[in-house]
Engineer: 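The structure's right below; bear with me while I get my questions together.
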Number of protein chains: 2
Amino acid sequence: MIQRMTRQRSAVAELLADVDDFRSAQQLHELLRGRGNEIGLATVYRTLQTLADAGEVDVLRAEDGEALYRRCSRREHHHHLVCRRCGTAEEIDGPGVEAWAEAVGAAHGFSDIVHTMELSGICASCAAEAGDA
Amino acid sequence: MIQRMTRQRSAVAELLADVDDFRSAQQLHELLRGRGNEIGLATVYRTLQTLADAGEVDVLRAEDGEALYRRCSRREHHHHLVCRRCGTAEEIDGPGVEAWAEAVGAAHGFSDIVHTMELSGICASCAAEAGDA
DNA sequence: CCCTTAATGAGAATGATCCTCATGTTCAGA
DNA sequence: TCTGAACATGAGGATCATTCTCATTAAGGG
Ligand SMILES: [Mn+2]
Ligand SMILES: [Mn+2]
Ligand SMILES: [Zn+2]
Ligand SMILES: [Zn+2]
């Protein structure tokens, strides 16, 4: 848990409030530097980790395994529809998936079931750009 | 696409036929060595990559981002219920998820929708072990 | 057989992420 | 406001999975 508020942590929080695309730790670090915030990469990683543990940010993995972070508008469990090109994301619900996952897990004798369900695609804006070129 | 059959590729294919848990490339390399198969780690990576591209093996990511491979019994699209402890996996269907994903994606103006939905938990066998200790 | 060319593998390179530890900062309490 | 103990930072190094390089090996069609 975060115990002390620092300049760096405030900067990360502010950035996450402005950016609503899924971004890697390194991208966020670049953005912070671009905004004039002095902050070390290790601190960005640590802060994101802490926020993730606290459920403040959602983490998902790009196809290459890189971790992507985003502060969603709601803290409750939900799923995402993410643009593979630009990272923009929509929060969506998975109607019935939660109950279904529990049932399937139990039917196979598994306990402590967790599930992931993520959608990705190309957003309208990125599709338009591609069409131009 | 694979153009030539080699001792190494045969060994990987045989191993994948025997192991039905999700395993990392390095674990598979260890297993091959243990079976007396001389094979380089790079070759294991390359072979798994090729098999994955061909849809012969499924790839999913552990929580730490490491890639895990498994040759499933069916080549058609499906989902998994994986034990986080031992890697054993059950193949499951996601009734209605495919259509739902398409619909949600389209509703948000996204194209080329792909979805992932994976369940994980602790299998009965691993739960029993944990209970002993 | 015999080449052409794909495949292999040892070792180096890459890249994300974590760790170390000396130094800087926060903030509860005086 | 003043301190100091504990927490936080960051530069640089360590890890570790995965990929690349390139000299060497070996499929397999003809
Ligand atoms: Mn869900
Ligand atoms: Mn599906
Ligand atoms: Zn986009
Ligand atoms: Zn298990």
Side-chain angles (χ1 to χ4, degrees), chain A residues 1-16 19 21-54 56-71 82 84 87, chain B residues 1-16 19 21-54 56-71 82 84 87:
Chain A
M1 75 271 46
I2 283 187
Q3 305 191 26
R4 293 179 187 179
M5 190 51 50
T6 65
R7 173 174 57 74
Q8 292 87 342
R9 284 171 178 170
S10 301
V12 171
E14 277 182 39
L15 177 62
L16 289 173
V19 176
D21 304 338
F22 272 94
R23 288 279 135 87
S24 71
Q26 315 225 25
Q27 286 178 322
L28 293 170
H29 181 238
E30 275 303 304
L31 290 170
L32 285 165
R33 283 289 172 86
R35 286 176 162 217
N37 291 300
E38 289 281 313
I39 183 171
L41 181 55
T43 299
V44 174
Y45 272 107
R46 272 187 299 238
T47 303
L48 289 171
Q49 188 96 57
T50 303
L51 291 172
D53 289 346
E56 296 283 331
V57 303
D58 285 355
V59 188
L60 57 82
R61 302 232 165 233
E63 288 183 47
D64 64 355
E66 187 175 17
L68 303 177
Y69 306 83
R70 176 181 196 254
R71 178 158 117 213
V82 186
R84 285 190 296 275
Chain B
M1 75 272 43
I2 284 186
Q3 304 191 25
R4 292 178 187 180
M5 189 49 50
T6 65
R7 171 174 58 72
Q8 291 88 340
R9 285 172 178 169
S10 301
V12 171
E14 277 182 38
L15 177 62
L16 289 173
V19 177
D21 304 337
F22 272 93
R23 289 278 137 87
S24 70
Q26 314 226 24
Q27 287 178 321
L28 292 170
H29 181 238
E30 275 304 303
L31 290 169
L32 286 164
R33 282 288 170 86
R35 287 177 161 214
N37 291 300
E38 290 281 315
I39 183 171
L41 181 55
T43 299
V44 174
Y45 272 105
R46 272 186 299 238
T47 303
L48 289 172
Q49 188 97 58
T50 303
L51 291 172
D53 289 346
E56 297 282 332
V57 302
D58 284 355
V59 188
L60 58 81
R61 303 234 163 227
E63 289 183 45
D64 64 356
E66 188 175 19
L68 304 176
Y69 306 83
R70 176 181 196 254
R71 180 159 112 209
V82 185
R84 286 189 297 273

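This one's a predicted model, so the numbers in the text were calculated from it and none came from an experiment. A note on names: the letters A, B, ... follow the listed sequences, proteins ahead of strands, and every chain is numbered from 1.
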Engineer: Between the side chain of A:His29 and the main-chain N/O of A:Ile39, is any donor-acceptor distance below 3.5 Å?
Structural biologist: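 Flag set: sc A:His29 to bb A:Ile39 pair under 3.5 Å.
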Engineer: Please tell me if the side chains of B:Leu15 and B:Asn37 come closer than 4.5 Å, counting only heavy atoms from C-beta onward.
Structural biologist: no
Engineer: Which part of the nucleic acid, if any, lies within contact of B:Gln27, taking any heavy atom under 4.0 Å across all strands shown: a base, the sugar-phosphate backbone alone, or nothing?
Structural biologist: nothing
Engineer: If each of B:Leu68 and B:Arg46 is mapped to the nucleotide of DNA chain D with the nearest heavy atom, which maps nearer the 5' terminus, i.e. the 5' end?
Structural biologist: B:Leu68
Engineer: Could you state the CG-P distance from B:Asp53 to D:dT19, rounded to the nearest angstrom?
Structural biologist: 11 Å
Engineer: Counting only side-chain heavy atoms from C-beta out, which of C:dA10, D:dT9, C:dC19 sits nearest to B:Arg33?
Structural biologist: C:dA10
Engineer: How many whole angstroms separate atom CD of A:Glu38 from atom C1' of C:dT23?
Structural biologist: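 For the pair A:Glu38 CD and C:dT23 C1', the rounded distance is 16 Å.
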Engineer: List, with names and distances, any nitrogen or oxygen atoms from the protein found under 3.5 Å away from nitrogen or oxygen atoms belonging to nucleotides 24-28 of chain D.
Structural biologist:
| from | atom 1 | to | atom 2 | distance (Å) |
| --- | --- | --- | --- | --- |
| D:dA27 | O3' | B:Met5 | O | 3.4 |
| D:dA27 | N3 | B:Arg4 | NH1 | 3.1 |
| D:dG28 | OP1 | B:Met5 | N | 2.7 |

Engineer: Between the main-chain N or O of A:Glu38 and the side-chain N or O of A:Arg7, is there a donor-acceptor pair closer than 3.5 Å?
Structural biologist: yes
Engineer: With each end axis built from five pairs of C1' atoms, what bend angle do you get for the helix from C:dC1-D:dG30 to C:dA30-D:dT1? Round to 10°.
Structural biologist: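 Computed from the C1' atoms at both ends, the axes differ by 30°.
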Engineer: Using atom CD of A:Gln8 as one end and atom P of D:dC7 as the other, report the distance to the nearest whole Å.
Structural biologist: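 A:Gln8 atom CD is separated from D:dC7 atom P by 17 Å.
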Engineer: Distance-only, no hydrogens or angles: does the A:Arg9 side chain make a donor-acceptor pair with backbone N or O of A:Thr43 under 3.5 Å?
Structural biologist: no
Engineer: Just the rounded figure in Å: distance from C1' of D:dC16 to CG of A:Asp64.
Structural biologist: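 So the CG-C1' distance, A:Asp64 to D:dC16, works out to 16 Å.
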Engineer: When you compare the side chain of B:Val12 with that of B:Gln8, does any pair of heavy atoms fall below 4.5 Å?
Structural biologist: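 SC-SC contact between B:Gln8 and B:Val12 ruled out.
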Engineer: Taking the nucleotide of DNA chain D with the closest heavy atom to each, which residue, A:Gly40 or B:Gln49, is nearer the 5' end?
Structural biologist: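 Per heavy-atom nearest nucleotide, the more 5' residue is A:Gly40.
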Engineer: When we call it a touch if two heavy atoms are under 4.0 Å apart, what does A:Arg9 touch: a base, just sugar-phosphate, or nothing?
Structural biologist: sugar-phosphate
Engineer: Using atom types as modelled and distance alone, determine if a side-chain donor or acceptor of A:Arg23 lies under 3.5 Å from a backbone N or O of A:Arg70.
Structural biologist: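 Judged by distance alone, no pair lies under 3.5 Å.
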Engineer: Quick one: B:Leu41 CG to C:dG11 C1', roughly how many Å, whole number?
Structural biologist: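 So the CG-C1' distance, B:Leu41 to C:dG11, works out to 12 Å.
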Engineer: Give the rounded distance in Å between these two atoms: NE2 of A:His29 and P of D:dG10.
Structural biologist: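 About 8 Å, once rounded to whole Å.
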Engineer: Could I get the full list of side-chain hydrogen bond (donor to acceptor under 3.5 Å, both in side chains) partners for A:Glu56, not counting sequence neighbours?
Structural biologist: A:Arg75
Engineer: Can you confirm whether B:Arg61 sits close enough to B:Phe22 that some side-chain heavy atom of one is under 4.5 Å from a side-chain heavy atom of the other?
Structural biologist: no
Engineer: Round to the nearest Å and state the distance from B:Gln26 atom CD to D:dA17 atom C1'.
Structural biologist: 6 Å
Engineer: Quickly work out the B:Glu63 CD to D:dA17 P distance and round it to whole Å.
Structural biologist: 16 Å
Engineer: Hey, is the side chain of B:Tyr45 poking within less than 4.0 Å of OP1 or OP2 on D:dT19, counting only N and O atoms?
Structural biologist: no
Engineer: Kindly indicate whether the side chain of A:Leu48, heavy atoms from C-beta on, has any atom under 4.5 Å from the side chain of A:Val59.
Structural biologist: no
